[in-house]
Amino acid sequence: MKIRKHRLLLICSVGICVVSLLYCYKTLQQDTFHLSVHQSGIKSLFLRGFFWGDSLSIVLVGHNNILSNRISHQKEVIRKGASDGQVSDLVMPDPTGPHGDIHKRQYILQDDLTPYFLSTEAGVLCFREGTEMAEDTVDKAGQRLILEHHKKNNTVLDDRLNKTGKKAAKCTCRTGWHGPNCGVPTVVQHSNLRTKSHLSPRKVPRRIINAININHEFDLLHTRFHELADTVDLFLVCESNFTAYGNSKPLRFLQLLLNGTFSYIEHKILYIFLDHFPNGGRADGWIADDYLRTFLTKNGLSRVQGLRQDDVFVLDDADEIPLREGLLFLKLYDGWTEPFGIHMRKSLYGFFWRQLGTLDVLSGCTVAMLLTVYKGDGILLRRRDYYNMPGFRQYKKTSGHVLIPWSIGNPVHYAGWHCSWCFKPEGIYYKLISAQNGDFPRWGDFPEKRNLTYIKELIRTGGWFDDSDPSYPPSDPKEHMYAPKYLLENFEKYRYLLENPYAKR
Ligand SMILES: *[C@@H]1O[C@H](CO)[C@@H](O)[C@H](O)[C@H]1NC(C)=O
Ligand SMILES: *[C@@H]1O[C@H](CO)[C@@H](O)[C@H](O)[C@H]1NC(C)=O
Ligand SMILES: *[C@@H]1O[C@H](CO)[C@@H](O)[C@H](O)[C@H]1NC(C)=O
Ligand SMILES: *[C@@H]1O[C@H](CO)[C@@H](O)[C@H](O)[C@H]1NC(C)=O
Ligand SMILES: *[C@@H]1O[C@H](CO)[C@@H](O)[C@H](O)[C@H]1NC(C)=O
């Protein structure tokens, strides 16, 4: 009781601190429920949200003529860029054919009906995957799992007689799972989430929407899809026919999507096509960089039907892969605060050059927060100053949510992987020449840095383009969280990412 009181006091004082900080920070700005988004480049995209009423649904009205005029009624040949010699031209699908509207299709979100929890005889919900089931029995018909705690059969019996018997019956957690329902993974248990004691399993899972921009990170894309296939409900994948530098580039992801390379996951993919380059993007590469996320989020969300305010939006770079268990927790539980980040293991060129510490990227929030606070613009989510944004107070007030950022994982419990420049040498070359104009020095501008022999040497030594001395802690493919499971399970195929290909043995 005492501890609980103290905790309550602590939470209250933290709350008061945050509130008073806010008053100092900004003048209140009235915000209506009606969000009009006008963005240069996107002519008219209206996101109209009806929040907090008795209806749960957010209606997104998309005036979606963004792309339609440009890619209408005729085949278009995507020109070959000056810089990407080897790749073949790609013809956009015939607009009258079955794939012609692939970049305009709507996606209808469905509820995930997977029975993630099962009920003990005493009526306690246990998360299946996290619960010790050595003594479970599948009945002969194979229909129903019955959880039996033989060791505690007396208490179970008591509880059955005793309707309030919450105390006695409980789930026995497997290693790596925590909490009364065994659904809290270690990366949350050991995170800085302050509301850990107020978590509760949801009746209906949230839907998880994972948005990414793709260039040529296809091995990491397969890795993401395999890691998250059963957890993420929808992947928004955006591809542009411009490089971040502003040159033309072929739609290689579209090509793979259409030829069946992603058939195992394509029912969860919404293809987003960015067919223009933002004004000023060539002079200031950061504009181009930001715009990719803005377009991805706005175009993507405008094409999703059935979004709910409590669905989760996660924005990643293609080389940032969240651990499945972390996102699954967000999907299945209520009571966490937002926005949330993810502590990712950092490595370079492959998983073999591990860097110290973690990369903690602010990655997601609920759809309601995305629309109200961030105005449906994913790039704003990445910035950490959401409390300065006009919709913040409104959202905090109407939602009653605790808006304290936290991060899944911690510096020693990785909740994902950030694998930088994880390509074969040719892929690194391609990334160099397509890099945006703003992240200086722009190594792609130096011929000697684009030399494949030089690039291989960097991979071998873990060096960087500035020729600084690399220093890495040793890493071993057998260590926990070395690389995503899919890669380790297909070691031969992805050996170049898992073992230094140029190290002398
Ligand atoms: C369960 O209860 C019965 C009767 O009370 C007892 O005979 C049996 O040994 C118990 N089983 C276990 C595994 O404790
Ligand atoms: C009911 O459960 C409570 C708390 O677990 C316990 O104290 C009480 O003795 C139980 N009553 C019966 C009839 O089992
Ligand atoms: C990108 O596609 C759009 C629409 O098809 C086209 O108008 C534009 O010229 C293309 N850009 C490049 C660089 O190929
Ligand atoms: C799809 O195209 C890619 C690249 O051209 C090729 O490597 C792959 O084998 C193709 N896949 C299928 C299933 O045709
Ligand atoms: C790349 O560097 C190697 C070694 O420095 C050199 O022999 C080779 O000619 C260079 N290749 C090109 C294309 O410049």
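Note that ligands are numbered from 1 as they come in the structure, with each ligand's atoms numbered from 1 the same way.
- Residue Asn241 has at least one nitrogen or oxygen atom sitting less than 3.5 Å from a nitrogen or oxygen atom of ligand 3, judged on distance alone.
- Short contacts between ligand 3 and Asp275, defined as distances under 4.0 Å to a heavy atom of the residue, involve ligand atoms 1 (C), 2 (O), 3 (C), 4 (C).
- Judged by distance alone, the side chains of Asp466 and Ser468 do bring a donor and an acceptor atom under 3.5 Å apart.
- Under the 3.5 Å distance criterion, with hydrogens and angles disregarded, no donor-acceptor pair is assigned to the side chains of Asn241 and Asp275.
- For atom 13 (C) of ligand 5, the nearest protein heavy atom lies 4.0 Å away or farther.
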Residue pair Asp219, Tyr496: steps toward the side chain to side chain donor-acceptor pair (under 3.5 Å) verdict
CA-CA 11 Å; Asp219 285 345; Tyr496 82 99; 2.6 Å; yes

### Message
Checking Trp443 against Trp464 for the side-chain contact (heavy atoms from CB on, under 4.5 Å) test, could you report, in this order, the C-alpha distance in whole Å, the side-chain angles of both residues, the deciding distance, and whether it holds?
### Response
CA-CA 10 Å; Trp443 301 113; Trp464 186 240; 3.9 Å; yes

Inset, instruction - List the steps, then state whether side chain to side chain donor-acceptor pair (under 3.5 Å) holds for Asn215 with Arg252. - result: CA-CA 8 Å; Asn215 290 301; Arg252 288 171 63 190; over 6 Å; no

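- Per-residue contacts place Asn259 under 4.0 angstrom from the following atoms of ligand 4 (heavy atoms of the residue considered): 1 (C), 2 (O), 3 (C), 8 (C), 10 (C), 11 (N), 12 (C), 13 (C), 14 (O).
- At the shortest separation from atom 4 (C) of ligand 4 among protein heavy atoms lies Leu256 CD2, 3.9 Å.
- Within a 4.0 Å radius of atom 2 (O) of ligand 5, the protein contributes at least one heavy atom.
- The protein heavy atom nearest to atom 6 (C) of ligand 5 is Asn451 ND2, 4.1 Å.
- Proximity to Thr261 (heavy-atom distance under 4.0 Å) selects the following atoms of ligand 4: 1 (C), 11 (N).
- With a heavy-atom cut-off of 4.0 Å, Phe242 touches ligand 3 through its side chain alone.
- Distance remark: protein heavy atom not present below 4.0 angstrom from atom 9 (O) of ligand 5.
- Geometric assessment of Arg202 against the ring of Tyr116 yields a negative cation-pi assignment under the 6.0 Å and 45° thresholds.
- Between Glu489 and Tyr494, the side chains place no donor N or O within less than 3.5 Å of an acceptor N or O (distance only, hydrogens not considered).
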